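Note on naming: letters A, B, ... go to the chains in the order of the sequence lines (proteins, then strands), and numbering restarts at 1 for each one. Side chains included, hydrogens not; waters and symmetry mates left out as well; all remaining heavy atoms used. Note that the coordinates shown come from a computational prediction; the quantities given were computed from them, not determined experimentally.
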2 protein chains.
Amino acid sequence: MPLSRETEASRRGIPEATVARLPIYHRVLAHLAERGVATVSSEELAAASGVTSAKLRKDLSHLGSYGTRGVGYDTEYLVYQIARELGLSQDWRVVIVGVGNLGHALANYGGFASRGFRVVGLVDADPTRVGEKIPAGRDGETVEVSPLVELENVVLDGEASIGVIATPASAAQAVCDRLVAAGVTSILNFAPAVLSTPVGVDVRKVDLATELQILAFHEQRKHPEVRA
Amino acid sequence: MPLSRETEASRRGIPEATVARLPIYHRVLAHLAERGVATVSSEELAAASGVTSAKLRKDLSHLGSYGTRGVGYDTEYLVYQIARELGLSQDWRVVIVGVGNLGHALANYGGFASRGFRVVGLVDADPTRVGEKIPAGRDGETVEVSPLVELENVVLDGEASIGVIATPASAAQAVCDRLVAAGVTSILNFAPAVLSTPVGVDVRKVDLATELQILAFHEQRKHPEVRA
DNA sequence: AGATGTGAACCAATTCACAGCA
DNA sequence: TGCTGTGAATTGGTTCACATCT
């Protein structure tokens with residue numbers, strides 16, 4: 001089938017590095033669009049996104065050919081194409097395990113609801129927290145905290161495919177196993193622990209201490225005081 | 001100077017990808033050490049860290065030659081060497097701006113104190129939060145929330161070199177500018193905004209919505225339902 | 001014998017520079 | 001003319017496979 005209509009570059013394999021930047025372009029474009037900007041050049045969009053224009057154009061070329069030579073990109077059209085590629089049209093159902101300060105912060109983080117992520121369940125091991133109603137999403141909705149034994153039911157009832165682990169490190173692997181057994185196939189892990197999962201389950205981790213340690217490493221090199 | 005004593009591989013330029021993994025090795029090694037494990041092979045340490053043994057050995061080779069052929073690595077010795085390389089012997093003074101749920105979570109996150117990061121200041125724009133005493137670090141110490149106008153003084157008095165931005169996106173760039181002006185040279189940014197800084201200032205960002213969007217992208221590809 | 005440390009081969013990502021189109 | 005889209009060149013990172021040393 002030599003003449004398939006898929007823009008030659010799209011379908012199959014957008015580089016991982018590109019995928020990681022699409023959400024940024026999406027956010028910047030959304031801002032521009034609601035500010036009424038109709039068109040942007042790669043140069044402008046790149047500057048606003050903190051990347052080089054060559055990188056931006058290469059990234060976008062993986063999605064297809066959505067710009068106009070000599071002009072730039074139509075803001076609305078491009079924001080739509082990126083949203084579609086990222087699957088932001090669907091609404092993703094998320095369960096958060098661990099409702100400490102961090103879990104709380106995640107539950108009522110505005111940025112989730114606005115991008116199609118719905119918190120359908122909250123789970124915590126602490127009995128004193130169970131039953132608490134926590135505001136989640138934008139419109140004053142609340143979600144009640146369920147006990148840890150209910151984890152599987154919360155995932156199933158909520159039809160969640162994404163799990164967020166915001167527990168202490170010691171609990172993380174067990175929680176992960178149970179999320180996966182209940183059908184979760186994507187996990188965002190905030191616990192400082194290495195998780196092992198079956199193939200087919202994606203894990204991303206956010207490690208706060210690690211980020212500071214990376215900064216500290218570079219910071220140290222800026223001040224060549226003790227060169228022992 | 002042909003015979004400089006620097007293990008040939010060390011000093012100057014540890015690859016960024018390696019730096020990003022050192023904190024993980026450090027944490028895993030620290031666990032092993034306190035569990036009394038005296039020696040580990042690259043195979044074991046790699047498995048516990050979620051990487052391949054070849055990658056681990058290559059990473060460690062950038063620091064120097066700290067293993068013993070036929071045996072493995074001395075746990076205590078290696079944990080020390082990595083700590084030194086990361087600058088974990090110093091204690092890093094951190095100011096957190098924005099004391100909402102996320103800022104709270106960061107302030108009393110145990111993982112910071114235990115790795116040489118000390119929260120020396122908390123700043124918030126909300127007058128109702130100013131004056132609040134927030135537990136930070138391990139040993140029941142508290143830090144009082146200062147008003148936004150005091151930002152510069154908090155940085156200077158605390159001699160902070162690292163700033164954490166946990167404000168809404170709309171405030172992030174202004175806060176960033178003020179942190180930099182006050183002498184901060186490393187910034188960890190949780191606000192969904194692209195920051196611009198002078199050269200010499202490092203910025204790392206942690207974007208919660210972005211992480212979920214990356215997971216959603218891959219999730220979408222797992223279920224080839226709507227192939228439009 | 002057994003595991004490290006490392007050159008060489010490979011693969012992914014970025015940058016360059018310009019052909020091609022509006 | 002001006003800006004996109006993309007091959008080619010380059011840089012950075014990973015994997016392989018084995019010489020080297022305890």
Atom pair distance, as rounded to whole Å: CD1 in B:Ile14 and P in C:dG5: 14 Å

Atom CD of B:Glu152: over 12 foreign heavy atoms under 6.0 Å: yes

Length of the line joining A:Glu43:CD and C:dA17:C1', which is rounded to integer Å: 14 Å

5' precedence on DNA chain D between A:Gly72 and A:Lys58 (nearest-nucleotide basis): A:Gly72

Residue whose closest nucleotide on DNA chain C lies nearer the 5' end, A:Ala17 versus A:Val71: A:Ala17

Side-chain N,O (B:Ser41) to OP1/OP2 (C:dA3) below 4.0 Å: no

Pair of N/O donor and acceptor under 3.5 Å linking C:dG2 base with B:Arg69 side chain: no

Enclosure of B:Glu16 CD (heavy-atom neighbours >12, cutoff 6.0 Å): yes

Side-chain N or O of B:Tyr73 closer than 4.0 Å to phosphate OP1/OP2 of C:dG5: yes

Separation of C:dA13 P from A:Arg21 CZ (nearest whole Å): 9 Å

Earlier contact from the 5' end, DNA chain C, for A:Thr68 and A:Thr52: A:Thr52

Distance, nearest 0.5 Å, that separates CG of B:Asn189 from CD1 of B:Ile165: 5.0 Å

Listed nucleotide nearest any side-chain atom of A:Arg57, set C:dG7, C:dG5, C:dA17: C:dA17

Integer-rounded Å distance: C:dT6 P and B:Tyr66 OH: 12 Å

Pairing of A:Glu85 and B:Arg221 as salt bridge, 4.0 angstrom limit: yes

Whole-Å gap separating P (D:dT4) and CG (A:Asp59): 14 Å

Integer-rounded Å distance: D:dT14 P and A:Glu16 CD: 13 Å

Atom-pair distance (NZ on B:Lys55; C1' on D:dG12), nearest Å: 13 Å

Upstream residue (5' side of DNA chain D) when A:Ala54 and A:Gly70 are each assigned their closest nucleotide: A:Gly70

Minimum-distance nucleotide (side-chain atoms of B:Ser42 versus C:dT4, D:dG5, C:dG5): C:dT4

